[in-house]
Engineer: 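Pasting a structure here, questions to come.
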Amino acid sequence: MIALVRYMSTVLLLSQRYLAPLLLFLGLVAVLTSSDTGPLTATYASVAGALLPCSVWLTTALVGLEDQPHRSIVVVSAGSRLRVLLATVGTATLWCLLLTAAGLVLPLMLGAHSPAPADLVLGTAAQLTCAFTGMAVGLVCSRLVFRRQGYALVLALLLLLAVLLGDGVSPVRTMLTHLQDAPDSSAALVPTSLMLAAATGLLATAAAVTQAITRRKA
Amino acid sequence: MLRCEAVGKRYGGGRWVLRDVDMEVSGGDVLAVVGGNGSGKSTLLRILAGLSRPTTGSVSGRPPRIGYVPDRFTAPDRISSLSYLTHLGRIRGMSASAARTRGDHLLERLSLVGGRNAALRTLSKGNAQKVALAQALLVPPDLLVLDEPWSGLDASAHGVLAEFIGEVAAQGGAVVFTDHREAITETHAGGAYVLGDGRVTPHGGRHTGGRLPMVELVLAAPPAGTPPIEVDWSGTPGVVDSARRGGEIVLRVAREHADAVLLTALRHRWSVVSLTGAADEAGFRGGAGRAVR
């Protein structure tokens with residue numbers, strides 16, 4: 001599994017396809033948080049929101065790197081399709097963790113804040129919630145499911161809208177509204193962790209759906 | 001080992017690509033799947049390799065280590081061939097250094113042109129095909145599945161490919177390959193299946209699961225004494241191929257005719273440089289060679 005993640009990360013790094021989502025994320029974070037002096041709870045909420053589309057983009061880019069014959073070779077080498085899919089999820093998580101680290105540090109450099117440990121934990125949990133949800137959307141809209149990238153893009157945008165606006169169904173929406181109203185970070189930790197768990201469940205479901213569809217199509 | 005029973009395949013609601021395919025592959029077998037373009041050869045191979053699930057029927061006994069070479073190898077953008085092989089070796093559970101050494105060795109044997117540290121996408125079709133072949137052989141496979149492996153390879157690589165196939169079979173692995181040229185399948189395969197109309201029929205071939213024993217005989221003019229008499233080697237019974245390499249004549253002879261050919265050579269005052277057992281293959285390893293008239 002480590003070999004697979006290493007391989008996929010190398011291919012992604014060499015392809016430079018990570019650059020666009022990375023720059024989008026850094027740009028969004030810079031715009032949303034520069035000279036911001038408010039509570040970090042709300043700041044990290046907006047950073048998490050910015051990570052959502054970037055994680056979708058990163059995941060689809062990662063899956064789209066390999067075309068079918070090439071993926072076949074990797075699948076035969078790894079021994080199973082599921083292992084390759086899990087490695088894809090692992091690689092996307094790894095790259096989203098890098099973005100999360102940037103999203104934690106940048107607001108502190110761009111604005112005037114005095115971070116408490118609770119703020120940082122909350123910032124990580126909030127960003128990972130969005131990252132997992134974004135990866136779930138990215139997997140379902142990836143080349144594994146859709147041959148035609150146009151349809152995939154439309155579906156991805158619709159799903160993003162649904163996730164951002166769907167009251168009561170999406171962990172992202174629930175978490176973001178909750179964070180805007182939260183008095184401080186430590187109070188918001190427990191509900192955010194619950195949403196993180198929900199987002200993990202969503203990612204697992206999306207991976208299962210993707211696996212089922214890929215197997216059927218193969 | 002590997003058994004297909006009543007395998008059928010269709011994509012979505014489309015036509016049946018394969019229907020009622022029964023096939024059995026045992027260790028040491030070298031099998032060819034012959035058929036025209038679009039006859040379902042690639043689909044059958046993908047099912048054998050476990051990449052595709054049959055719509056009906058079942059496949060059982062698939063071995064753990066499979067090597068797969070797709071018909072079109074499109075490399076991931078910018079990775080170098082050696083680094084690609086190292087990564088794939090690691091994915092197969094080798095250590096990085098072992099994978100690198102093995103990959104280097106395979107590329108050496110296939111005489112990859114274009115540099116093993118150059119990006120894969122800069123390689124020509126044939127050279128990319130060599131990398132595709134090398135990745136399937138990083139660990140000795142129990143089942144080697146090759147989709148049109150000869151297309152795009154140059155003459156010398158043809159010989160190396162035949163050697164690889166022989167080695168896998170000698171180690172107890174099974175080889176299944178496709179080609180649309182009957183000549184190639186006849187020289188390389190121990191048995192053949194013909195695909196037509198989605199159905200498979202076993203076809204001729206020597207269903208012994210092995211290769212024809214061959215002898216490679218290298219002759220030269222004796223260092224001293226009278227020059228030898230020219231012989232029409234290609235017309236001699238048992239001689240499968242003959243070529244001239246420098247001052248030497250290289251003959252590939254079926255095992256049962258080897259003694260007679262050797263006797264003819266000696267009678268015509270040729271001197272024997274070497275005599276080796278060889279795998280059944282059409283081309284010579286060195287590749288370069290004019291037919292002896």
Side-chain angles (χ1 to χ4, degrees), chain A residues 1-20 60-91 94 142-148 151 210-218, chain B residues 9 11-12 42-43 45-55 62-80 83-96 99 119-121 128-129 131-139 141 143-145 147-148:
Chain A
M1 188 59 80
I2 292 171
L4 274 170
V5 171
R6 253 176 100 161
Y7 168 67
M8 288 177 181
S9 297
T10 311
V11 172
L12 181 60
L13 197 67
L14 289 174
S15 76
Q16 301 185 339
R17 294 272 288 275
Y18 66 92
L19 210 55
T60 44
L62 174 67
V63 176
L65 283 177
E66 291 176 328
D67 56 358
Q68 200 218 22
H70 186 250
R71 198 173 178 88
S72 302
I73 289 183
V74 177
V75 167
V76 170
S77 298
S80 85
R81 231 171 243 291
L82 182 63
R83 210 174 289 169
V84 177
L85 182 71
L86 290 179
T88 309
V89 173
T91 312
L94 190 72
S142 70
R143 198 167 172 169
L144 290 172
V145 179
F146 285 92
R147 291 260 155 84
R148 310 200 57 175
Y151 296 146
T210 310
Q211 168 74 359
I213 293 178
T214 339
R215 271 177 66 127
R216 260 189 71 90
K217 281 174 71 165
Chain B
K9 178 76 186 176
Y11 291 99
S42 295
T43 302
L45 288 201
R46 288 178 62 80
I47 289 175
L48 291 180
L51 284 164
S52 189
R53 284 196 317 162
T55 315
R62 191 176 289 120
R65 282 176 307 180
I66 301 176
Y68 173 68
V69 179
D71 55 344
R72 272 170 302 173
F73 178 67
T74 40
D77 267 346
R78 287 169 193 281
I79 200 163
S80 79
S83 155
Y84 174 69
L85 292 181
T86 310
H87 275 289
L88 281 181
R90 260 200 302 240
I91 290 171
R92 283 185 181 269
M94 302 167 84
S95 73
L120 271 181
R121 65 192 216 146
Q129 184 74 11
V131 178
L133 194 57
Q135 62 78 25
L137 295 158
L138 284 169
V139 293
L143 171 66
L144 180 60
V145 177
D147 203 345
E148 305 235 343

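Each chain gets a letter, A, B and so on, in the order its sequence line appears, and its residues count up from 1.
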Engineer: Of all heavy-atom pairs between A:Arg81 and B:Leu51, which one has the smallest distance, and what is that distance?
Structural biologist: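 Shortest heavy-atom separation between A:Arg81 and B:Leu51 comes out as NH2-O, 2.7 Å.
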Engineer: Are any non-hydrogen side-chain atoms of B:Phe73 and A:Ile73 less than 4.5 angstrom apart?
Structural biologist: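 Yes - at least one pair of side-chain heavy atoms lies under 4.5 Å apart.
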Engineer: Drop me the distance from A:Ser77's OG to B:Gln135's CD, to the nearest 0.5 angstrom.
Structural biologist: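 Between atom OG of A:Ser77 and atom CD of B:Gln135 there are 5.0 Å.
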Engineer: Looking at every non-hydrogen atom in both residues, tell me the closest pair between B:Arg72 and A:Pro69 and how far apart they are.
Structural biologist: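 So the minimum-distance heavy-atom pair works out to O-CB, 3.2 Å.
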Engineer: Measure A:Thr10 against the heavy atoms of chain B and call it side chain, backbone, both or neither at under 4.5 Å.
Structural biologist: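 Just its side chain gets close to chain B.
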Engineer: Using non-hydrogen atoms only, which part of B:Tyr68 is less than 4.5 Å away from chain A: side chain, backbone, both, or neither?
Structural biologist: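 The answer is both parts of B:Tyr68.
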Engineer: Please flag which part of B:Arg65 lies under 4.5 Å from any non-hydrogen atom of chain A: side chain, backbone, both or neither.
Structural biologist: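 Contact with chain A involves no heavy atom of B:Arg65 at all.
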Engineer: First locate atom CD1 of B:Ile91, then atom CE of A:Met1, and finally report the distance between them rounded to the nearest 0.5 Å.
Structural biologist: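 B:Ile91 atom CD1 to A:Met1 atom CE measures 11.0 Å (nearest 0.5 Å).
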Engineer: Can you tell me if OH on B:Tyr11 sees more than 12 non-hydrogen neighbours from other groups inside 6.0 Å?
Structural biologist: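 It does: B:Tyr11 OH has more than 12 such atoms within range.
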Engineer: Can you measure from CG (B:Asp147) to OG (A:Ser72) and round to the nearest 0.5 angstrom?
Structural biologist: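 Those atoms lie 10.0 Å apart.
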Engineer: In Å and rounded to the nearest 0.5 Å, what is the NZ to OG distance from A:Lys217 to B:Ser52?
Structural biologist: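 Separation between the atoms: 12.5 Å.
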Engineer: Nearest 0.5 Å, please: how far is CD in A:Gln68 from CZ in B:Arg46?
Structural biologist: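 The CD atom of A:Gln68 is 4.0 Å from CZ of B:Arg46, to the nearest 0.5 Å.
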Engineer: Give the minimum heavy-atom separation between B:Arg78 and A:Leu14, together with the two atoms involved.
Structural biologist: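 That would be CD-O, 3.3 Å.
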